[in-house]
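Here is the structure we will look at.
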Amino acid sequence: MTTYFIDGQFLSKEDVNISIDDRGYYFGDGVYEVIKVYNGSLFTAAEHIARLFQSAQKIKMTIPYSEQQLIDVAKELVKANEISTGHIYLQVTRGAAPRVHQFPDFSVPVVVTGYGLVNPRPTTNLEKGVAAKLVEDVRWLRCDIKSLNLLGNVLAKQEAYEEGCAEAIFVRDGIITEGSSSNLFGMKDGIVYTHPATNLILNGITRQVVLQLCEENGIPVVEKPFTPQEAFEMDELIITSTTAEVTPVIQLDDKEIGTGMPGPITKKLQAAFALRIPAFVTGN
Ligand code: PDD
C-alpha cells in the first residue's frame, strides 16, 4: 500500500484528506518534482529539491520546510514504500482557500504532499530507442518553472501517443525547445547540441548530468537551439529525463534518425550515466 506524505504526516491513501479548495486543484497553483530511486537510494535528490525551491520562489511561494527536511521526507517515502527502483513525487501548492485568482492571505498554509512508487527502468526503450512526434509548443513563456500547470504538455503527449510515439517534441517559432516531459539533445559530426537553459525549457536535472558526462568524456557540446530540419539530419537524437534517463530517439515524425538504431555517442552517454547510478541495477 502506498504511503503518502501530507503536511508533516505519513499516511496511507484512505487517510489522505485534501481540500477541494486546494489551489493546486483550482489553478494548478503549485510546483512539483520527480526524483528517481535506484536500488533504494535517491538519485540527484539535492538538485531536485533545490529546483523545487527555485520553482516555488519564482511563483512567490514559501515552502515551510528546509531543503534537508524535504530530502529526509523523500528518504522516508523510499523506506515506507519499500522502493528499490522507482520514483518519489513531491508537490507544493498555495493551499486551500475560496476560489479567487489572487493569492490567499499569508496565513493560509501551503500544502506539501508526496508519495513513492515502484517503477522499473525503461530498459527496452533504452536499448531499442523510441519514436517521437513534433508538436507545436503552445505553452506559456515560463517553462523554466516546474509548475503543476501541464495542460500544454499533456495535450502534446497525448497527440504523440495517438500516433504511436513515446514523446512529443515541442517546436516554437521554428526551433525545437524540449520534449513534453523531457529535454532533447542532437548529435551531428561528433558535436552534441541542445537548447540553452532559458525560460523556454525546463533545465532538466538529467540534462545537467548529461552535460557533465559530455564534459568528463571529452564530447563537445553546443547549447544552441536547432530546427526540425536540423533534427531530421542529426546522426543521433536523445531525450533525457528522470524517468527516461538517456533514451534514444530513432524516429522523428516519419523520418528515421541516423541509422535508425541507438548511435555511438548515445551508447557512451548511457554507459557513463549507468556508472553514476547508485549501486547500478539492471532491472527493478
Ligand atoms: N518531467 N522538460 C519537461 C517539460 C519535463 O516535464 C521534464 C521532467 C524534463 C526533464 O527534467 P528532469 O531531467 O529533471 O526529470 C524536461 C518529469 C519527469 C515529469 O513531469 O514526470
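Note that ligands are numbered from 1 as they come in the structure, with each ligand's atoms numbered from 1 the same way.
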Counting only heavy atoms closer than 4.0 Å, does ligand 1 sit against the backbone of I201, its side chain, both, or neither?
neither
Would you say the side chain of P225 lies within less than 4.5 Å of the side chain of I176, judging by non-hydrogen atoms?
no
Relative to the heavy atoms of N183, which atoms of ligand 1 are at a distance of less than 4.0 Å?
10 (C), 16 (C)
Please tell me if the side chains of M234 and Y193 come closer than 4.5 Å, counting only heavy atoms from C-beta onward.
yes
When distances are taken from atom 11 (O) of ligand 1, the protein heavy atom at minimum range is G204 CA, 3.4 Å
Residue, atom and distance of the protein heavy atom nearest atom 20 (O) of ligand 1 read Y32 OH, 2.6 Å
Heavy-atom check, side chain of T85 versus side chain of N39, under 4.5 Å
no
Atom 18 (C) of ligand 1 has as its nearest protein heavy atom T243 OG1, 4.1 Å
Hey, are the side chains of L42 and K75 touching, using non-hydrogen atoms and a 4.5 Å cut-off?
yes
The closest protein heavy-atom partner of atom 21 (O) of ligand 1 is V34 CG2, 3.8 Å
For H87 and ligand 1, answer yes if some heavy atom of the residue is under 4.0 Å from a ligand atom, otherwise no.
no
Taking all atoms of both residues into account, what is the closest heavy-atom pair of I59 and R94, and its distance?
O-NH2, 2.8 Å
Flag for D15-S12: side-chain donor and acceptor within less than 3.5 Å
yes
I'd like the name of whichever of S181, A156, S147 reaches closest to atom 6 (O) of ligand 1 through any heavy atom.
S181
Less than 3.5 Å between some nitrogen or oxygen of R51 and one of ligand 1, yes or no?
yes
So is there a nitrogen or oxygen of G179 less than 3.5 Å from a nitrogen or oxygen in ligand 1?
no
Would you find a donor on one side and an acceptor on the other, under 3.5 Å apart, between the side chain of R51 and the backbone of N203?
yes
Do the rings of F273 and Y38 sit parallel, tilted or perpendicular, given the 30° and 60° boundaries?
perpendicular
Nearest-0.5 Å distance, CD1 of residue I257 to CD of residue E236
11.0 Å
Close approach of H48 to ligand 1, heavy atoms, under 4.0 angstrom
yes
Which bit of S182 is near ligand 1, meaning a heavy atom under 4.0 Å away: side chain, backbone, both or neither?
backbone
Nitrogen or oxygen atoms of E178 and ligand 1 under 3.5 Å apart
yes
Ligand 1-proximal atoms of T206, by part, heavy-atom distance under 4.0 Å:
both
Using a distance-only test with no angle check, is there a side-chain donor-acceptor pair under 3.5 angstrom linking Q158 and E162?
yes
Any atom of ligand 1 sitting under 4.0 Å from a heavy atom of C143?
no
Side chains of E245 and T206: any donor to acceptor distance under 3.5 Å?
no
Side chain or backbone, does T242 bring an N or O within less than 3.5 Å of an N or O on ligand 1?
yes
Heavy-atom contacts with N153 under 4.0 Å: which atoms of ligand 1 show up? List them by number with element.
4 (C)
Nearest protein heavy atom with distance in Å, relative to atom 8 (C) of ligand 1
K146 NZ, 3.3 Å
